[in-house]
Q: 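Please read through the structure below; I'll follow up with questions.
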Amino acid sequence: MKGILSYAVLMLFAGFVSSAAASDNDSGNKFVRDLMKKMTLEEKIGQLEHPVIQDKTDFKELEEGVRSGRIGSFCVTKGGKLTLEERNRLQKIAVEESRLGIPLFFAFDVIHGYNTVFPTPLGMSATWNDALVEEASHYAAADASGSGIDMGYAPMVDVSRDPRWGRISECFGEDVLLNERMGSAVVRGFQGESLSDNTSIASCVKHYVGYGLSMGGRDKQYTEISERSLREIYLPPFQACVDAGAAAVMSAFNDISGIPASANRFTLTDVLKEEWGFDGTVVSDWDSVVELMNHGIASDKKEAAEKALVAGVDVEMKSDCYLSGLESSVEDRTVSLKRIDDAVYRVLKLKFDLGLFDSPYSARNDIDEGYVRELNRKVARESMVLLKNDGILPLSPRTAKISVVGPFSENQDLLGWWTGNGNQKNVVTVVEGMKNISPSNTVIVQGTEARSKAPVTVVCVGEPGSTFGESNCLSDITLSRSQVELVREVKQTGTKVIVVVFNGRPLVLDPVLDYADAVLLAWHPGYEAGNAVAEILWGMESPSGKLTVTLPSASGHIPLFYSDRPSGRPSENKYKYEGKVKASFPFGFGLSYTEFEYSGLEVVKNSDNTVDVSVTVSNVGDADGKEIVQMYVRDEVASVTRPVKELKDYRKIFLKKGESEVVRFKLLPEQLAFWNVEMEKVVEPGGFKVWVGPDSAGGLEGRFEL
Ligand code: GLC
């Protein structure tokens with residue numbers, strides 16, 4: 001009886017909780033509806049205005065806009081340097097001096113940290129550690145929230161296979177599943193248990209949608225995307241983030257096959273709001289509404305406003321088309337008051353959920369900075385990918401002297417392109433890290449005079465934060481000639497060469513590979529860069545990061561990614577003077593200081609059409625280590641062409657040397673679904689290949705029939 005009673009009590013409690021949540025929703029709904037009844041059309045349109053606070057902002061003008069109810073929220077840029085006090089002062093004007101006292105929300109690019117800067121998203125994705133990314137995002141949110149920020153414009157989940165595009169550094173790589181999982185980890189980390197918690201901020205997932213296909217890898221260019229590719233590749237990470245509860249979505253700059261993303265009713269309303277049931281707020285990206293005029297689908301700001309609003313953009317960032325045009329659009333019935341009310345409801349409900357009506361003012365959070373720095377170091381270590389090791393790593397404790405040279409050896413420009421509220425002066429350089437971590441008997445020498453005086457030389461190369469990120473695209477992603485020359489010169493002195501690469505995007509590293517005894521890809525790892533590099537080089541932790549983007553061997557091979565569709569004649573996948581195209585380092589690749597062996601793959605199809613896949617992974621090397629076990633699938637024959645491989649699951653395990661573990665995956669039918677000729681999402685019967693292994697190029701192969 002007791003068991004039943006507890007079950008019944010549990011159900012009653014669950015019912016109470018859900019009804020409480022519903023009633024909270026109801027109370028929020030009622031509160032917002034009642035408030036909207038009091039609002040004028042001008043005040044409603046004011047709630048849709050999201051101007052920018054940047055370095056030259058005239059605060060007097062802003063204050064008047066807030067006081068008159070013509071501004072609903074702010075985009076704060078790094079240059080805006082909005083202090084907590086200034087934020088609360090603006091809020092006070094809104095709450096105490098505007099007619100209805102509707103609070104503002106403040107948004108900022110919390111991309112990979114706020115006061116403490118973590119590795120860039122592309123670097124964080126190389127950890128394949130969702131929980132770690134979620135924890136880092138939680139601390140970034142707590143930092144930002146305590147500084148007066150209510151919304152972070154993240155995660156960026158634009159799947160990209162074009163490293164010429166500088167913004168590939170902001171996403172979680174070329175794979176759909178990793179962008180789904182990592183993106184939703186950021187949403188959970190930002191939003192926590194409740195948006196109204198003072199350590200939470202709203203997640204604004206971006207850039208919806210297809211921005212990663214920007215033509216030629218040049219920023220904000222045309223994208224040609226079929227509905228099939230939208231639904232199979234570019235939309236799923238956004239759906240995962242919406243399913244994780246993302247409070248907002250940012251519409252993108254790019255034209256999607258003739259209809260710009262910020263005026264695209266199909267993506268913004270049919271799919272996002274109707275098919276997926278997204279009840280949050282769509283915020284346009286910077287000027288993307290007024291830029292509809294440049295796209296040539298709006299003749300003036302009024303038409304731009306109409307096209308964006310009707311398509312589904314609720315809040316306009318930076319440009320003022322809504323403010324200047326919507327009142328007359330309602331009067332001439334080009335825009336319905338119903339659509340205005342829908343947009344205003346979404347914004348006010350967001351403010352209600354953020355708790356801004358009850359507590360509009362922010363207060364600092366008590367953050368354990370020491371813990372966050374340690375977390376930063378852990379994420380940085382786990383993000384680093386060992387590409388080559390001829391045995392020089394881990395460094396021997398008997399190494400008497402190590403030179404540390406190169407343009408990034410004492411460089412603090414390791415925070416990526418988005419640097420949050422961070423400051424490069426807080427970055428631990430490689431020289432400092434090596435001095436912090438190295439054994440006392442090892443002398444660390446630095447600078448150019450050091451090159452030839454040590455048996456081991458660490459050469460730090462890469463790209464500065466100003467050569468990737470927004471508007472920073474390259475036609476050639478090969479490591480710079482001068483840095484290749486430096487590595488070659490150092491090698492010629494007879495020293496052992498360890499190349500550490502600080503990259504934002506994937507780079508072509510082939511020119512240095514022959515001169516390097518080891519290559520460690522470190523991305524832009526954030527504050528703890530030097531300490532994390534040193535801890536990896538000294539073997540305090542075995543490298544465990546794995547590539548979430550393909551490293552091509554030439555820029556001319558772009559786009560090159562593992563989950564390509566098959567060709568009718570695969571032998572033609574080549575260039576005339578180079579032969580068959582092959583990645584320099586494939587998706588999923590990363591070395592360790594130990595060896596992992598895969599054996600005993602078992603694939604069992606169950607009567608409910610789920611498939612149990614298991615494999616034994618053994619640590620057969622000389623060190624403890626983490627391994628990222630990856631499962632890929634191929635649909636052999638289907639009604640449309642299917643990728644040659646697709647990542648369907650992954651598991652990061654830790655094995656002491658000599659240990660083994662049976663890793664089990666369960667494949668669900670819906671993981672095998674795709675969009676058929678009629679654009680219906682289906683699972684078709686037939687044969688499937690399955691691989692389980694250390695990267696996308698190898699692994700044990702099995703098969704099953706559905
Ligand atoms: C920028 C970026 C977007 C960012 C926004 C606000 O143009 O495209 O990622 O969140 O403007 O800074």
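Bear in mind the structure is a predicted one, so any value in this text is a computation, not a measurement. Read the numbers this way: they start at 1 and go in the same order the structure lists the ligands and their atoms.
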Q: What residue and atom, counting heavy atoms only, is the protein's closest point to atom 9 (O) of ligand 1, and at what distance?
A: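 Scanning the protein heavy atoms, the shortest distance from atom 9 (O) of ligand 1 goes to H207 NE2, 2.6 Å.
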Q: Taking the non-hydrogen atoms of T77, is any one of them nearer than 4.0 angstrom to ligand 1?
A: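 False for this residue.
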Q: Taking only Lys NZ, Arg NE, NH1 and NH2, and the carboxylate oxygens of Asp or Glu, determine whether D109 and K78 approach each other closer than 4.0 Å.
A: no
Q: Considering heavy atoms of the protein only, find what lies nearest to atom 12 (O) of ligand 1 and give residue, atom and distance to 0.1 Å.
A: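 Among all protein heavy atoms, the one nearest atom 12 (O) of ligand 1 is D109 OD2, 2.6 Å.
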Q: Do Y211 and ligand 1 have an N or O pair less than 3.5 Å apart?
A: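 There is no such contact.
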Q: Check E63 with R89, please: is the shortest side-chain N to carboxylate O separation under 4.0 Å?
A: yes
Q: Could you go step by step and tell me if W128 and F587 meet the ring pair (Phe, Tyr, Trp, His ring centres under 6.0 Å) rule?
A: CA-CA 12 Å; W128 296 57; F587 175 87; 5.6 Å; yes
Q: Can you find an N/O atom of E170 closer than 3.5 Å to an N/O atom of ligand 1?
A: no
Q: Yes or no: does F253 have any heavy atom under 4.0 Å from an atom of ligand 1?
A: yes
Q: Is the ring pair F253/Y211 parallel, tilted or perpendicular, if the boundaries are 30 and 60 degrees?
A: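 F253 vs Y211 ring planes: perpendicular.
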Q: Say whether M250 and ligand 1 are in contact under the criterion: heavy-atom distance to a ligand atom below 4.0 Å.
A: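 Yes, M250 has heavy atoms under 4.0 Å from ligand 1.
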Q: Compute the centroid of each ring, for Y527 and then for F118, and state whether the two points are separated by less than 6.0 Å.
A: no
Q: Quick check on contacts: which atoms of ligand 1 are under 4.0 angstrom from a heavy atom of Y153?
A: 6 (C), 10 (O)
Q: Compute the shortest N/O to N/O distance between E470 and ligand 1 and return yes if it is under 3.5 Å, no if not.
A: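 The answer is yes, given that E470 and ligand 1 share an N or O pair closer than 3.5 Å.
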Q: Is E42 salt-bridged to R70, cutoff N-O under 4.0 Å?
A: no
Q: Which class fits the ring pair F408 and F502: parallel under 30°, tilted 30 to 60°, perpendicular over 60°?
A: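 Ring orientation of F408 relative to F502: tilted.
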Q: Hey, does R167 come in under 3.5 Å of ligand 1, counting only N/O atoms on both sides?
A: yes
Q: Parallel, tilted or perpendicular: which one describes the rings of H50 and Y153, with boundaries at 30° and 60°?
A: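 Judged by the thresholds at 30° and 60°, the geometry between H50 and Y153 is perpendicular.
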Q: Which protein non-hydrogen atom lies closest to atom 5 (C) of ligand 1, naming both residue and atom, and how far is it?
A: D285 OD1, 3.3 Å
